[in-house]
2 protein chains.
Amino acid sequence: MTQTAFAREVSKEAREAKRMAILEAAAKIFNERGYHSTSMSDVADALGVSKPFLYYYLKDKEDLLYQCSRAATEQLHALLDEVRDAKVSGWQRLEMLFRRYVHVMTTDFGVCLIRNTAQGNMNPERRQKLWTGRRRLNREVERIVAEGIADGSIRSCDPKKLSFAMFGAFNWITFWYRADGPQKPETIADYFLDIFARGVVVPAGREDLNARP
Amino acid sequence: MTQTAFAREVSKEAREAKRMAILEAAAKIFNERGYHSTSMSDVADALGVSKPFLYYYLKDKEDLLYQCSRAATEQLHALLDEVRDAKVSGWQRLEMLFRRYVHVMTTDFGVCLIRNTAQGNMNPERRQKLWTGRRRLNREVERIVAEGIADGSIRSCDPKKLSFAMFGAFNWITFWYRADGPQKPETIADYFLDIFARGVVVPAGREDLNARP
DNA sequence: GGATTGTCCTACCAGCGGGTAGTATCAGCC
DNA sequence: GGCTGATACTACCCGCTGGTAGGACAATCC
């Protein structure tokens with residue numbers, strides 16, 4: 001590796017670091033003020049750079065949103081890989097998955113994905129790419145539920161509806177979670193998973209359960 | 001009532017009808033394309049009227065979004081009144097509430113409220129008004145949960161977290177529900193409520209439950 | 001009939017903000 | 001020292017869209 005090639009390599013890394021810095025700053029502002037209420041100048045100002053600086057690293061504004069959301073979906077895919085090979089029951093795999101899922105949804109990229117991607121903010125092509133990513137996650141969860149039903153860890157139910165209910169509860173976190181609030185991501189995950197596991201209704205004739213399960 | 005007064009009355013009603021027609025058309029388009037991607041001209045065109053026509057009935061664009069969301073919160077308040085006086089257990093009251101809630105969330109106004117209000121699309125004052133409305137609903141649900149715990153129909157838990165989980169699952173409906181899809185609102189409500197009531201995990205040593213509960 | 005009021009339109013304005021042209025600066029290379 | 005390519009800035013443009021001025025038309029009133 002010549003001196004030049006090394007310099008190029010370093011510069012590649014530097015470039016990537018700057019790109020990520022832009023994405024992080026942008027995601028943060030998008031989540032605070034909303035995508036459409038944020039101008040490119042706002043993002044530039046937050047970073048202490050000029051507007052053309054951004055366009056040196058991005059194609060256009062929409063690309064900025066896309067890359068932020070993309071960062072989140074990449075984390076989600078990594079998460080899937082971690083969970084897939086665990087030798088556990090279906091329900092336990094679901095637990096593993098959503099415990100990690102909460103950690104993504106409590107970061108700026110996760111919030112950005114959920115809150116800004118669903119709307120019609122994206123051109124069809126980019127939107128499609130993100131959707132297939134999340135679609136894959138959906139299918140995977142449905143598959144895991146089916147697996148859980150088969151192995152007897154989950155009671156018989158419609159995987160799609162259970163998946164919608166769980167994703168709903170967990171995605172909604174992005175609308176109320178505050179990093180400086182009292183709730184820690186792990187605690188939220190524990191609580192939600194317990195609700196989905198056991199339900200909240202006291203079985204008839206077992207009101208004694210209310211004291212301590 | 002003089003002839004004139006009657007005419008005024010009729011005109012009042014006509015005006016209100018037109019206002020609602022505007023709101024319905026607007027909410028529909030907002031939900032399809034997103035608030036910011038919808039221009040006032042789009043709304044006017046959809047109604048076959050001119051842009052100033054809209055401004056004859058509204059203050060500004062944001063007011064349009066506000067009134068759509070407001071229509072939804074009014075339905076939610078009506079819903080609360082229906083539920084409050086029923087002589088049933090805490091859990092049954094929760095069921096009543098969310099069964100009605102689904103019907104609001106599957107209309108354009110409900111969808112509009114959930115998907116466009118959370119973002120920073122609204123000036124602080126109007127935002128505040130909507131928020132206090134939804135806040136009241138939150139508190140009410142937490143109160144009902146507490147009531148359910150007290151009367152033994154709901155097992156001991158943190159009302160706030162259960163409320164977040166349930167609102168999450170039910171609000172998320174606005175992101176995937178399609179009126180022309182296979183799922184009917186009642187079915188969704190039944191299914192989700194069953195999940196929250198009983199949970200989905202098969203208790204250890206009771207794998208036989210899986211066949212039929 | 002003339003005045004008034006309510007309703008709605010055509011035609012227009014103005015500012016915001018996404019995006020760019022053109023340039024300055026600097027590091028590495030010969 | 002000059003050349004090249006990467007990096008980043010100043011200054012600018014222009015289209016879109018929210019919002020309005022002013023007038024047309026009709027019904028009602030006196």
Side-chain angles (χ1 to χ4, degrees), chain A residues 1-23 25-26 29-30 33-68 116 119-123 126, chain B residues 1-23 25-26 29-30 33-68 116 119-123 126:
Chain A
M1 192 187 275
T2 72
Q3 179 69 18
T4 325
F6 177 72
R8 286 250 170 71
E9 198 61 23
V10 166
S11 136
K12 267 268 157 52
E13 278 171 29
R15 190 184 171 86
E16 181 59 19
K18 284 179 195 170
R19 197 184 67 96
M20 282 304 292
I22 293 175
L23 297 189
I29 308 184
F30 286 165
R33 289 181 245 175
Y35 172 67
H36 284 283
S37 306
T38 306
S39 74
M40 289 303 266
S41 303
D42 290 338
V43 178
D45 289 350
L47 285 160
V49 298
S50 71
K51 211 162 42 154
F53 175 93
L54 301 179
Y55 285 93
Y56 188 68
Y57 289 87
L58 312 159
K59 194 166 160 298
D60 49 32
K61 188 187 179 187
E62 207 187 275
D63 188 36
L64 184 50
L65 176 57
Y66 173 71
Q67 291 199 36
C68 288
N116 295 309
Q119 272 86 327
N121 296 333
M122 208 87 71
N123 91 46
R126 289 179 184 152
Chain B
M1 191 187 276
T2 73
Q3 178 70 15
T4 325
F6 177 71
R8 286 249 171 69
E9 199 61 24
V10 166
S11 136
K12 267 266 157 50
E13 275 172 28
R15 189 184 172 88
E16 181 59 19
K18 284 179 196 172
R19 197 184 68 96
M20 281 305 291
I22 293 175
L23 296 189
I29 308 184
F30 286 166
R33 292 182 241 175
Y35 173 66
H36 284 283
S37 306
T38 304
S39 74
M40 290 302 268
S41 303
D42 290 338
V43 179
D45 289 350
L47 285 160
V49 298
S50 71
K51 212 160 45 155
F53 174 92
L54 301 179
Y55 285 93
Y56 187 70
Y57 289 88
L58 312 158
K59 196 164 157 299
D60 49 32
K61 189 187 180 187
E62 207 187 275
D63 188 35
L64 185 50
L65 176 58
Y66 173 72
Q67 291 198 36
C68 287
N116 294 310
Q119 271 85 327
N121 296 335
M122 208 89 69
N123 92 44
R126 291 182 190 158

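First the proteins, then the strands, lettered A, B, ... as listed; each starts at 1. Computed over heavy atoms, backbone and side chain alike; hydrogens, waters and symmetry mates excluded. In this text the structure is predicted, and so the values were computed from the model without any measurement.
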Closest non-hydrogen contact found for B:Ala46 with B:Ile29 is CB-CD1, 3.5 Å
Note: A:Gln67 and A:Leu58 closest approach over all heavy atoms is NE2-CD2, 3.7 Å
Taking side chain as C-beta onward, heavy atoms only, is B:Ile22 less than 4.5 Å from B:Phe53?
-> yes
Going through the checks in order, is the side chain to side chain contact (heavy atoms under 4.5 Å, CB included) test met by B:Tyr56 and B:Arg15?
-> CA-CA 10 Å; B:Tyr56 187 70; B:Arg15 189 184 172 88; 3.3 Å; yes
Starting at CG of B:Asp45 and ending at P of C:dT10, how long is that distance when rounded to a whole Å?
-> 11 Å
Taking OH from A:Tyr35 and C1' from C:dG17, how many angstroms apart are they, rounded to a whole number?
-> 12 Å
Would you say A:Arg15 reaches D:dT7's phosphate, i.e. side-chain N/O to OP1/OP2 under 4.0 Å?
-> yes
Would you indicate what B:Thr38 reaches in the nucleic acid, counting non-hydrogen atoms under 4.0 angstrom: base, sugar-phosphate, or nothing?
-> sugar-phosphate
Which parts of residues 46-62 of chain B get close to DNA chain D, meaning a heavy atom less than 4.0 angstrom away?
-> B:Lys51, B:Pro52, B:Tyr55, B:Asp60, B:Lys61
Measure the distance from CE on A:Met40 to P on D:dT10 and round it to the nearest whole Å.
-> 16 Å
May I have the distance from B:Arg19 (atom CZ) to C:dT7 (atom P), rounded to whole angstrom?
-> 14 Å
With side chains defined as the heavy atoms from C-beta onward, is the minimum distance between A:Ser37 and B:His36 less than 4.5 Å?
-> yes
Tell me, do A:Asn116 and A:Met122 make a side-chain contact under 4.5 Å, heavy atoms counted?
-> no
